[in-house]
**Student:** 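I'd like to ask some things about the structure below.
Hydrogens, waters and symmetry mates are skipped; everything else that's a heavy atom, side chains included, is used.
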Amino acid sequence: MNSHKVRFLCSLFLICLCIFSCSNESDPQQNGGSDTKADQNILRSVELVDAAIGNYFSNESMSMARYYNPYTKTSSQERASVWMYTSAIEAVNGILKALEAQKNLGDTELYDRYNSKYCQLLEKLFSGLQYYKGTFRLVSYTQTKDWSVYAVNRAGAPGTADVSGVLNVYDDQQWLVRELIESYRLTGKEEYLNEAEYLAQYVLDGWDCSLNASGKEYGGITWGPGYVSKHSCSNGPFVSPLVWLSEIYKDSDETITYGYIEKDRSRAVKTVKKSEYYLEFAKKVYDFQRNNLLRSDGVYDDMLGGDDTNGQVVYEEVGGQRYRRHTNLNSRVGPAYSYNSGTMLSGAADLYRVTRDSKYLSELQALVSASFRYFATLDKDKPGLYSYDVSGFNNWFNCVLMRGYLDAYPYEMNAESPIQSFQDNLDYSWEKYMYESMLPTNLLLGWGSDRSKQNVEGMFIFAFAAEYAALARFITEY
């Protein structure tokens, strides 16, 4: 065959391919086009959130029930913890972020329809959050200070919650920091940023800056100011928000003053640019968790425990002042929960994005593979679908893992299969088990036979909504 004929046939093939491609693009319903799928995901997220607000929230003060049964149409008397409440903020942020992604590409239809509505809902949720707020005095590693932070439990009036001892935990503040920064970036409201930054400083006040025999910081953040154990959940979730804060102040000369411990055990302070401060601590928190809680199978254990003080916070006096003292932790404790690997995926992705340090990239790539291998099981419950553990709080934990895969995807395309597994599971459950605009706790096995026992955690419905919204954004952007 001569060269002219070959060129002609190749040209003909390309023309036919182009015609076929264009004909498919003209019918997105037929080929499941990305725009249609993104819209569908957003609308499903909207339906879940709207129903959940009606089912779990009872009045203008935004009091949230922990459980709701769609068959009996009853909610529990038990109020949601602040962690559970934050899941509602996350879902609303997710919708706003997906709408913004579409708007940035010139598709404003859903943005114009829903953005204002969910910005207003975000304001109501922030107002209701104040029922979890309280004030207490904390003796930390470097100072004694009064802090107004968020309690585990809701109070009867704004600002009156009991936040003493173990009644506030650092990870709850970290989830809030994350969502408040997202809310600020989506709305531009300084109130959200100010609160996020205040809470970030509170959490970093809990960083163990005590020095070991080599003169290096022990590092790590305990579960809360009333605890001595250092958890994956009180370190990993903080990495990404710290990176985000460093980016917010990247072009600013604003400074911050913080305390640290000298080698003679005296306390001192230093002043640095905010952008440098937040990024440096993001790296330190990430390194602490990786160095202390990464398992041989590539995922993360739950915590460091085995303390030498019987769980009691201990203090020391230096220069006539009382400070918290370091507690030795002797053992790593499991199990491995999916969210602890998810937060480190997100943290590695954000650190790589801003630093381009190849270590974060290689660690991210390894964690994508290890976590999917560990947490997902193909064909366990339904042929062709991946099952994830949904006992306990795992539905929400798995949402954090999916978020990690989404963050990792720009740098590790092997995250696509894990991401698709979440889309497939949500869609399967929506088509098979959707009832009264709610999904069951077990997406693949559905509702149980005893309808009186179908109580669903509110945070699970918001997690499913957040997943749908995040997947919509992913489809839009990639």
Side-chain angles (χ1 to χ4, degrees), residues 90 93-94 97 100-101 104 173-186 188 190 192-194 196-197 199-201 203-204 207 217 219-221 232 234-256 258 270-291 294 300 339-368 371 400-415 419 470 473-474 477-478:
E90 178 187 4
N93 277 337
K97 200 169 182 179
E100 185 179 77
N104 290 341
Q173 322 304 319
Q174 291 171 24
W175 302 121
L176 281 168
V177 171
R178 181 187 187 280
E179 295 310 323
L180 288 167
I181 295 173
E182 288 277 42
S183 298
Y184 164 72
R185 296 196 297 194
L186 290 161
E190 293 287 338
Y192 298 145
L193 176 60
N194 293 339
E197 197 168 1
L199 293 177
Q201 292 171 23
V203 174
L204 288 176
W207 173 261
E217 289 182 334
I221 301 166
S232 284
S234 58
N235 287 275
F238 207 28
V239 178
S240 286
L242 288 173
V243 174
W244 301 346
L245 284 170
S246 76
E247 291 179 288
I248 288 171
Y249 289 102
K250 181 177 61 175
D251 299 320
S252 168
D253 290 326
E254 286 192 50
T255 61
I256 192 167
Y258 70 98
K270 65 173 66 174
T271 301
V272 297
K273 289 178 66 174
K274 282 184 175 182
S275 58
E276 298 170 0
Y277 170 76
Y278 290 124
L279 184 57
E280 182 62 25
F281 268 100
K283 295 175 182 177
K284 287 165 70 169
V285 175
Y286 177 91
D287 287 344
F288 171 83
Q289 180 144 324
R290 181 170 172 80
N291 293 337
L294 183 65
Y300 284 86
Y339 73 148
N340 293 328
S341 292
T343 57
M344 290 296 279
L345 275 172
S346 294
D350 281 317
L351 282 168
Y352 178 69
R353 178 171 52 80
V354 301
T355 69
R356 290 301 173 185
D357 186 332
S358 60
K359 86 161 190 167
Y360 299 120
L361 176 60
S362 59
E363 290 165 4
L364 174 154
Q365 291 170 333
L367 186 52
V368 166
S371 59
V400 178
L401 178 62
M402 188 204 79
R403 209 162 61 207
Y405 291 135
L406 292 172
D407 292 336
Y409 179 79
Y411 318 109
E412 175 52 79
M413 293 186 68
N414 285 331
I419 292 168
R473 178 183 59 81
F474 173 75
E477 293 181 347
Y478 294 105

**Student:** State, to 0.1 Å, how close E217 and W207 come at their nearest heavy-atom pair, and which atoms those are.
**Tutor:**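 Result for this residue pair: OE1-NE1, 3.0 Å.
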**Student:** State the NZ-CG distance between K97 and L186, to the nearest 0.5 angstrom.
**Tutor:** 7.0 Å
**Student:** Rounded to the nearest 0.5 Å, how far does CH2 of W244 lie from CZ of R178?
**Tutor:** 4.0 Å
**Student:** Do I221 and V203 touch side chain to side chain, with heavy atoms closer than 4.5 Å?
**Tutor:** yes
**Student:** Considering only heavy atoms from C-beta outward, does the side chain of N194 approach that of L180 to under 4.5 Å?
**Tutor:**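 SC-SC contact between N194 and L180 ruled out.
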**Student:** Check L367 against S341 and note the closest heavy-atom contact, atom names and distance.
**Tutor:**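 Closest approach of L367 to S341, heavy atoms only: CD2-O, 3.5 Å.
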**Student:** On a heavy-atom basis, which atom in D407 and which in A349 lie closest, and how many Å separate them?
**Tutor:**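 Of all heavy-atom pairs spanning D407 and A349, the closest is O-CB, 3.4 Å.
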**Student:** Mind checking the OG-CD spacing from S275 to E280? Nearest 0.5 Å is all I need.
**Tutor:**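 Output value for this atom pair is 11.5 Å.
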**Student:** Could you check if a side-chain atom of V239 sits within less than 4.5 angstrom of a side-chain atom of D350, using non-hydrogen atoms only?
**Tutor:**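 No - every pair of side-chain heavy atoms lies 4.5 Å or more apart.
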**Student:** For the residue pair E412 / Y352, report whether a side-chain donor-acceptor contact shorter than 3.5 Å exists.
**Tutor:** no
**Student:** Starting at CG of L242, measure out to CG of L279 and round the result to the nearest 0.5 Å.
**Tutor:**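 Rounded to the nearest 0.5 Å, the CG-CG separation comes out at 9.0 Å.
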**Student:** Taking the side chain as every heavy atom from C-beta outward, state whether K274 and L245 have any atom pair closer than 4.5 Å.
**Tutor:**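 A side-chain contact is absent here, since even the closest heavy-atom pair is not under 4.5 Å.
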**Student:** Check whether N93 reaches the backbone of E179 with its side chain - one donor and one acceptor, N or O, closer than 3.5 Å.
**Tutor:** yes
**Student:** Without swapping roles, check the side chain of Q174 against the backbone of S234 for a donor-acceptor pair under 3.5 Å.
**Tutor:**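 Here the side-chain-to-backbone pair exists.
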**Student:** Could you pull out the closest heavy-atom pair between Y278 and S246, with the gap in Å?
**Tutor:** CB-N, 3.8 Å
**Student:** Tell me whether E100 is salt-bridged to R185, with the criterion being a basic N under 4.0 Å from an acidic carboxylate O.
**Tutor:**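 No.
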**Student:** Could you give the distance from CG (L176) to CD1 (I181), rounded to the nearest 0.5 Å?
**Tutor:** 11.0 Å
**Student:** Determine whether the aromatic ring centres of residues Y360 and Y411 are separated by less than 6.0 angstrom.
**Tutor:** no
**Student:** So Y258 and Y277, would you call those rings parallel, tilted or perpendicular, with 30° and 60° as cut-offs?
**Tutor:** tilted
**Student:** Tell me the closest heavy-atom pair linking Q289 and N235, and the distance in Å.
**Tutor:** OE1-CB, 3.3 Å
**Student:** Scan side-chain atoms only and decide if E197 and Y249 contain a donor-acceptor pair under the 3.5 Å cut-off.
**Tutor:** yes
**Student:** With rounding to the nearest 0.5 Å, note down the distance linking CE in M344 to CG in L294.
**Tutor:** 7.5 Å
**Student:** Counting only heavy atoms not in K250, do more than 12 sit closer than 6.0 Å to its NZ atom?
**Tutor:** no
**Student:** Heavy atoms, side chains only, cut-off 4.5 Å: are I248 and Y184 in contact?
**Tutor:**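 A side-chain contact exists here, since the closest heavy-atom pair is under 4.5 Å.
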**Student:** Of all the heavy-atom pairs spanning S346 and G404, show the shortest one and how long it is.
**Tutor:** OG-CA, 3.4 Å
